[in-house]
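None of the values given here were measured: they were computed from a predicted structure. Quick note: residue numbers are just sequence positions, from 1.
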Amino acid sequence: AEAAAAEKERREESDGSDKTANESGDGSSKSNETSDPSSSSSGASARNRAEAARLKRQQEAMPHVVEALWNASALDIERTIRSVCFKVLHDFSVDKKKRAARADALARLGKTFQSAEVAAGSSRDPVAGLEEAMRKAFEGNAEGNGEGDSDGE
């Protein structure tokens with residue numbers, strides 16, 4: 001579904017840039033006849049508008065991308081926890097009393113996680129938390145790459 005939406009946006013972008021180019025061409029046709037510099041400046045402004053539109057679409061799409069990443073990660077974590085809990089609670093190499101103690105410990109651990117406090121300055125919204133973590137990771141990588149390049153020279 002997201003791929004179809006992205007393709008639709010690409011088509012709209014090309015349609016919009018064609019319209020923008022036509023509009024600027026129609027509006028500046030008289031000035032194009034008199035001087036060549038105006039045609040290059042209108043082309044540059046059309047490119048700037050197209051770039052701005054592309055950046056705007058990327059910013060609008062980012063929450064959807066982050067949400068998809070969050071959902072995929074959450075499903076993977078849930079599946080792993082479910083599998084581990086099943087193995088721990090259905091381990092027949094230990095007696096029933098030991099499995100009951102494990103079940104109690106898992107219940108207490110779950111309650112502890114659910115009641116955990118949010119760090120100061122953080123959001124309780126998981127998507128916002130993921131966005132913040134990704135931003136920090138990318139900023140760290142960008143700084144690390146810049147330092148690595150300057151050290152190598």
Side-chain angles (χ1 to χ4, degrees), residues 1-25 27 40-153:
E2 289 186 27
E7 181 62 30
K8 181 180 177 184
E9 287 180 16
R10 279 190 220 113
R11 278 190 242 126
E12 288 174 355
E13 174 187 340
S14 64
D15 292 344
S17 63
D18 291 344
K19 289 178 185 176
T20 304
N22 289 339
E23 290 170 1
S24 65
S40 64
S41 66
S42 67
S45 64
R47 283 191 299 270
N48 289 342
R49 285 191 299 266
E51 179 69 16
R54 184 183 64 79
L55 289 174
K56 182 180 177 187
R57 279 192 306 281
Q58 284 180 343
Q59 289 174 346
E60 290 171 352
M62 183 55 81
H64 301 290
V65 171
V66 170
E67 184 177 5
L69 286 172
W70 173 260
N71 289 338
S73 297
L75 287 173
D76 184 44
I77 292 168
E78 288 173 2
R79 185 181 64 229
T80 302
I81 291 173
R82 190 175 295 114
S83 174
V84 168
C85 289
F86 183 83
K87 288 179 182 181
V88 167
L89 298 174
H90 294 89
D91 179 10
F92 292 106
S93 67
V94 296
D95 63 356
K96 193 173 188 175
K97 189 174 182 180
K98 182 72 168 179
R99 288 194 306 268
R102 288 177 177 178
D104 182 51
L106 281 173
R108 283 186 282 145
L109 182 63
K111 288 178 185 176
T112 301
F113 273 104
Q114 287 177 340
S115 66
E117 291 292 322
V118 176
S122 296
S123 171
R124 198 141 186 63
D125 179 24
V127 174
L130 181 60
E131 285 177 339
E132 181 181 335
M134 288 178 63
R135 186 177 9 264
K136 287 180 182 177
F138 285 125
E139 287 172 358
N141 286 341
E143 291 173 4
N145 289 341
E147 292 173 8
D149 292 343
S150 63
D151 290 342
E153 293 181 0

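- Remark: D76 engages R79 in a side-chain hydrogen bond (donor to acceptor under 3.5 Å, both in side chains) (not counting sequence neighbours).
- R82 contributes atom CZ, which lies 9.5 Å from atom OG1 of T80 (distance to the nearest 0.5 angstrom).
- The minimum heavy-atom distance between C85 and L106, with the atom names listed, is SG-CD1, 3.9 Å.
- Take E51 and apply the salt bridge (charged side-chain N to carboxylate O under 4.0 Å, His left out) test, not counting sequence neighbours, and it matches R54.
- Applying the side-chain hydrogen bond (donor to acceptor under 3.5 Å, both in side chains) criterion to S93, with sequence neighbours excluded, gives D91.
- Legend: residues meeting side chain to side chain contact (heavy atoms under 4.5 Å, CB included) with N48, ordered by chain and number and at least two apart, are absent.
- With sequence neighbours left out, the side-chain hydrogen bond (donor to acceptor under 3.5 Å, both in side chains) criterion links Q59 to no other residue.
- Using a distance-only test at 3.5 Å, with no hydrogens or angles considered, no donor-acceptor pair links the side chain of R102 to the main chain of L89.
- Note that the CD atom of E67 and the NE2 atom of H64 stand 7.5 Å from one another [nearest 0.5 Å].
- The side chain to side chain contact (heavy atoms under 4.5 Å, CB included) test applied to F92 returns H90, R99, not counting sequence neighbours.
- When the side chain to side chain contact (heavy atoms under 4.5 Å, CB included) test is applied to I77, the partners found at least two apart in sequence or on another chain are I81.
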Going through the distances and angles, do V84 and K87 end up as a side-chain contact (heavy atoms from CB on, under 4.5 Å)? CA-CA 5 Å; V84 168; K87 288 179 182 181; 5.8 Å; no

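- In this view, R108 and D104 satisfy the side-chain hydrogen bond (donor to acceptor under 3.5 Å, both in side chains) rule, not counting sequence neighbours.
- In this structure, S115 contributes its side chain and T112 its backbone to a donor-acceptor pair below 3.5 Å.
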